[in-house]
Amino acid sequence: MREQKIALVTGANKGIGYEIAAGLAALGHRVGVGARDAARREVAVEKLRAAGLDVFGVPLDVTDDQSVSAAAELVERQAGRLDALVNNAGVSGETGPGWVQDPTALDLGVVRAVVETNVIGVIRVTNAMLPLLRRSAAPRIVNVSSSVASLTRQADPEQEIGPVMAAYAPTKTFLNAVTIQYARQLAGTNILINASCPGLVATDFTGFQGPRTPEQGAAVAIRLATLPDGGPTGSFFEDAGVIPW
């Protein structure tokens, strides 16, 4: 009998993160539902369990060292290792009308807060979970990015890339760059790390605007979290394939 795989999804109490957790659990993984809000986390866990899925709650604030360390200890107690880490937790930061973050009038506090969650938080969680991932026969890391991270698309006037988001979009570009550095450092190991783009998904993150469902947005992250040995690493994917940097 094949050993059950263990996954952790951050920001998993709602939206895309919830559907990533649900999708991995439906494939047979035991999934840690990472979320900082206790009430929302418990509701998500209860809902997933009611659907017959094997999940457990993980209190997790990606901006807090102590919270992340405690989460790693909890996963170790619950499972002893980690096969898949999906860094989904993210924030957009305060925006003006039409989601615009005007670079010429940007509050630096907003920039710092978005970087702290979207980039530093991912590094913090990944490094805390690496000892557990190294115990897996086929560890996978997925960093949930966005098409707005693509400098190629952002710089192309023919591309419809959405509003100017001078805090949020660069943090996803930063996240992609960090993903590459991890892939370089982990080259030659069995750890595969990639960035995923869910597309424009209708969740509370987007004010429920967007043509894609959370289930559709979760699909590429689920695929990358379950890549076979020899799969790609250090790449950036959407449903249609590789996204240009």
Side-chain angles (χ1 to χ4, degrees), residues 1-38 40-62 67-89 122 124-144 179 182-183 186 189-196 198 214-233 237:
M1 183 176 175
R2 202 166 55 174
E3 193 172 31
Q4 184 180 29
K5 288 186 176 292
I6 311 299
L8 172 65
V9 183
T10 69
N13 61 288
K14 59 183 179 178
I16 296 166
Y18 176 90
E19 294 301 338
I20 293 170
L24 288 172
L27 292 174
H29 287 59
R30 185 169 188 227
V31 180
V33 177
R36 61 185 176 181
D37 185 291
R40 291 179 178 176
R41 182 178 62 250
E42 288 312 308
V43 168
V45 167
E46 289 172 11
K47 185 177 175 183
L48 290 164
R49 285 178 176 165
L53 300 174
D54 188 356
V55 301
F56 60 97
V58 181
L60 181 53
D61 179 350
V62 304
S67 174
V68 172
S69 295
E73 291 169 5
L74 189 154
V75 172
E76 179 159 26
R77 289 195 306 272
Q78 286 278 345
R81 71 170 197 288
L82 193 58
D83 299 289
L85 169 63
V86 182
N87 289 304
N88 167 76
V122 170
R124 182 181 285 115
V125 172
T126 300
N127 289 350
M129 300 299 166
L130 266 174
L132 296 171
L133 286 159
R134 292 185 190 278
R135 296 177 190 172
S136 170
R140 306 292 179 253
I141 304 171
V142 183
N143 293 335
V144 177
T179 303
Y182 272 103
L186 297 169
T189 75
N190 59 355
I191 301 175
L192 303 181
I193 178 168
N194 293 284
S196 70
E215 294 90 340
Q216 289 172 322
V220 65
I222 293 168
R223 181 172 67 81
L224 294 173
T226 56
L227 284 171
D229 290 342
T233 192
F237 291 94

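Hydrogens, waters and symmetry mates are skipped; everything else that's a heavy atom, side chains included, is used.
Ala89 and Val62 make their closest contact through CB-CG1, 4.1 Å (heavy atoms, listed as atom of the first residue, atom of the second, distance). Nearest heavy atoms, Ala138 versus Asn190: N-ND2, 4.2 Å. The two residues Leu8 and Gly34 come nearest to each other via the heavy atoms CD1-N, 4.2 Å. Looking at every heavy atom in both residues, Leu53 comes nearest to Ala22 through CD1-O, 3.9 Å. Ala25 approaches Val55 most closely through the heavy-atom pair CB-CG1, 4.2 Å. Nearest heavy atom pair, residue Pro198 against residue Gly217, reads CB-O, 3.2 Å.
To the nearest 0.5 Å, atoms OG (Ser196) and CD1 (Ile20) are separated by 6.0 Å. Leu133 contributes atom CG, which lies 10.0 Å from atom OG1 of Thr189 (distance to the nearest 0.5 angstrom). Taken to the nearest 0.5 Å, the CG atom of Leu192 stands 9.0 Å off from the CD1 atom of Ile141. Taking CD from Glu215 and CD from Glu19, the interatomic distance works out to 4.0 Å, rounded to the nearest 0.5 Å.
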Distance-only donor-acceptor hits, side chain of residues 77-86, under 3.5 Å, sequence neighbours excluded:
{"from": "Gln78", "atom 1": "OE1", "to": "Arg30", "atom 2": "NH1", "distance (Å)": "3.4"}
{"from": "Gln78", "atom 1": "OE1", "to": "Arg30", "atom 2": "NH2", "distance (Å)": "2.6"}
{"from": "Arg81", "atom 1": "NE", "to": "Asp83", "atom 2": "OD1", "distance (Å)": "3.2"}
{"from": "Arg81", "atom 1": "NE", "to": "Asp83", "atom 2": "OD2", "distance (Å)": "3.1"}
{"from": "Arg81", "atom 1": "NH2", "to": "Gln4", "atom 2": "O", "distance (Å)": "2.6"}
{"from": "Arg81", "atom 1": "NH2", "to": "Asp83", "atom 2": "OD2", "distance (Å)": "3.0"}
{"from": "Asp83", "atom 1": "OD1", "to": "Ser136", "atom 2": "OG", "distance (Å)": "2.6"}
{"from": "Asp83", "atom 1": "OD2", "to": "Ile6", "atom 2": "N", "distance (Å)": "2.7"}

Would you be so kind as to tabulate the donor-acceptor pairs closer than 3.5 Å made by side chains of residues 218-232, with sequence neighbours excluded?
{"from": "Thr226", "atom 1": "OG1", "to": "Ile222", "atom 2": "O", "distance (Å)": "2.8"}
{"from": "Thr226", "atom 1": "OG1", "to": "Arg223", "atom 2": "O", "distance (Å)": "3.2"}
{"from": "Asp229", "atom 1": "OD1", "to": "Arg140", "atom 2": "NH2", "distance (Å)": "2.9"}

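Qualifying side chain to side chain donor-acceptor pair (under 3.5 Å) partners for Glu73, counting only residues two or more places apart in sequence or in other chains: none. Contacts of Asn143 classified as side chain to side chain donor-acceptor pair (under 3.5 Å), with partners at least two apart in sequence or in another chain: Asn87, Thr179. With sequence neighbours excluded, the residues forming a side chain to side chain donor-acceptor pair (under 3.5 Å) with Arg124 are Asp65, Glu116, listed by chain and number. The side chain to side chain donor-acceptor pair (under 3.5 Å) search around Arg49 returns none, not counting sequence neighbours.
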Could you walk me through whether Thr10 and Val122 pass the side chain to side chain contact (heavy atoms under 4.5 Å, CB included) test, one step at a time?
CA-CA 9 Å; Thr10 69; Val122 170; over 6 Å; no

Go through Leu24 and Val9 one step at a time and tell me if the side chain to side chain contact (heavy atoms under 4.5 Å, CB included) criterion holds.
CA-CA 9 Å; Leu24 288 172; Val9 183; 4.2 Å; yes

Go through it in stages, so that I can follow the logic: the residues are Val68 and Leu60, the test is side chain to side chain contact (heavy atoms under 4.5 Å, CB included), and I'd like the CA-CA distance, side-chain angles, deciding distance and then a yes or no.
CA-CA 6 Å; Val68 172; Leu60 181 53; 3.8 Å; yes

Go through Tyr18 and Leu48 one step at a time and tell me if the side chain to side chain contact (heavy atoms under 4.5 Å, CB included) criterion holds.
CA-CA 9 Å; Tyr18 176 90; Leu48 290 164; 3.6 Å; yes

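Between Lys14 and Val43, every side-chain heavy-atom pair lies at or beyond the 4.5 Å cut-off.
In this structure, the side chain of Asn88 does not engage the main chain of Val144 through any donor-acceptor pair within 3.5 Å. Judged by distance alone, with hydrogens and angles left aside, the side-chain atoms of Arg41 form a donor-acceptor pair with the main-chain N or O of Ala35 at under 3.5 Å.
Using modelled atom types and a 3.5 Å distance limit, the side chains of Asn127 and Tyr182 yield a donor-acceptor pair.
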